[in-house]
Structures are given as C-alpha cells and as structure tokens.
Amino acid sequence: MTTHILEGPAIMIGYTYRLRLEAEGPVFPDGATFAGQVRPAAASEDVLVTLTTGNGGLVRITDSALDLRIAAADTAGMSVGSVVVDMVRTDVAPDLHLGFALDIPVMLPVTRGL
C-alpha cells in the first residue's frame, strides 16, 4: 500500500469543516452515491459522524472532485487529536471501497463560544 501525506486544513472543534477531494481520474461519476464514517481511530467502534451523499456530508462536484462536509454540531463533539475517515461507493453491488483513508487533525480553536 502506498502512503501519500498531503497537508490540508485541520478540523476546528465547533466549526463547520469542508475539504475538497480531487482525484486524477473519474472516481466520482454522476449518479454515484457514497458513504463514509468518521472515527477517532480506524480500529475504534465509535462512529463520530456518518457522511453520505444523501445527508450532504459528501457532495459530488465533478467526476474527479468531491466535497467532504462536517457540520459544526458534529465537530463540536470531537476531541483534540485526530480523526480518520474513508469512503465507500454505495450504488454498486457489492459496495466498493475507494482505496484511501484520511487522517485529519482536530484542533481546539482560540476563538470559540461566540
């Protein structure tokens, strides 16, 4: 398995999080549906957030771009450290794992409680 480390924005506890994922090929075709679970660690049984195309957590932009969105109410329940998420295409049988996982840092913002 190849590991690539790319820098991106951290999740700020209590704020909405958005990340655009861009692939080199047509990974997110029109009409496809996706799901992903955000957990404190890959081996954790605790699901912090379930993201789907149906609930707006995963939004297809183009065949090669998808937005990952986590609501402020969901980040508010996270702890400082990091979370992991991966994605599965759910409109095919059997479901198809997209073959990547994200490890996203979670930080406590200085400006909070407004």
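- Under a hydrophobic clustering in which Ile, Leu, Val, Met, Phe, Trp and Tyr are joined whenever their side-chain heavy atoms come within less than 4.5 Å, directly or via other members, V80 and I11 fall into the same cluster.
- Nearest heavy-atom pair across D63 and D30 is OD1-N, 3.5 Å.
- Put simply, the side chain of N55 gets close to the backbone of T50: a donor and an acceptor are under 3.5 Å apart.
- Every pair passing salt bridge (Lys or Arg N to Asp or Glu O under 4.0 Å) that includes a residue from residues 91-109 is listed here, sequence neighbours excluded: R89-D91.
- In this structure, the side chain of Y17 does not engage the main chain of D74 through any donor-acceptor pair within 3.5 Å.
- Donor-acceptor pairing under 3.5 Å is lacking for the side chains of T53 and T33.
- The two residues E22 and A65 have their closest heavy-atom pair at CG-CB, 4.2 Å.
- Between I70 and L51, the closest side-chain pair of non-hydrogen atoms falls below 4.5 Å.
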**Request:** Give the intermediate values and the outcome of side-chain contact (heavy atoms from CB on, under 4.5 Å) for residues L21 and M87.
**Result:** CA-CA 11 Å; L21 303 173; M87 281 175 233; 3.1 Å; yes
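- Among residues two or more places apart in sequence or in another chain, the salt bridge (charged side-chain N to carboxylate O under 4.0 Å, His left out) test is passed with R18 by none.
- Residue I13 comes nearest to M78 through the heavy atom pair CD1-O, 3.5 Å, listed as atom of the first residue, atom of the second, then distance.
- With rounding to the nearest 0.5 angstrom, the CD atom of Q37 is 10.5 Å from the OG atom of S44.
- When each of V59, L66, T62 is checked for a side-chain contact (heavy atoms from CB on, under 4.5 Å) with F28, only L66 meets the rule.
- Hydrophobic clustering keeps L48 apart from M107 (ILVMFWY residues linked when any side-chain heavy atoms are closer than 4.5 Å, directly or through intermediates).
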**Message:** Walk me through whether T111 and Y15 qualify under side-chain contact (heavy atoms from CB on, under 4.5 Å).
**Reply:** CA-CA 10 Å; T111 303; Y15 289 91; 4.0 Å; yes
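- Criterion: ILVMFWY side-chain heavy atoms under 4.5 Å apart, direct or through other members. Under it, V88 and V84 are not part of a common hydrophobic cluster.
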**Prompt:** Taking it one step at a time, do L102 and L68 satisfy side-chain contact (heavy atoms from CB on, under 4.5 Å)?
**Reply:** CA-CA 11 Å; L102 305 172; L68 182 150; 4.2 Å; yes
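- Here the rule is side-chain contact (heavy atoms from CB on, under 4.5 Å) with V38, and of V47, I104, V49 only V49 fits it.
- A chain of hydrophobic side-chain contacts below 4.5 Å, direct or via other Ile, Leu, Val, Met, Phe, Trp or Tyr residues, connects L108 to V106.
- Closest non-hydrogen pair, G25 versus S64, comes out as O-CB, 3.4 Å.
- When all heavy atoms of P40 and D46 are compared, the pair lying nearest together is CD-O, 3.2 Å.
- Here the side chain of T75 pairs a donor or acceptor atom with the backbone of G14 at under 3.5 angstrom.
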**Request:** Before giving the answer on side-chain contact (heavy atoms from CB on, under 4.5 Å), spell out for T16 and R69 the whole-Å C-alpha distance, their side-chain angles and the decisive distance to 0.1 Å.
**Result:** CA-CA 7 Å; T16 298; R69 301 176 181 173; 5.7 Å; no
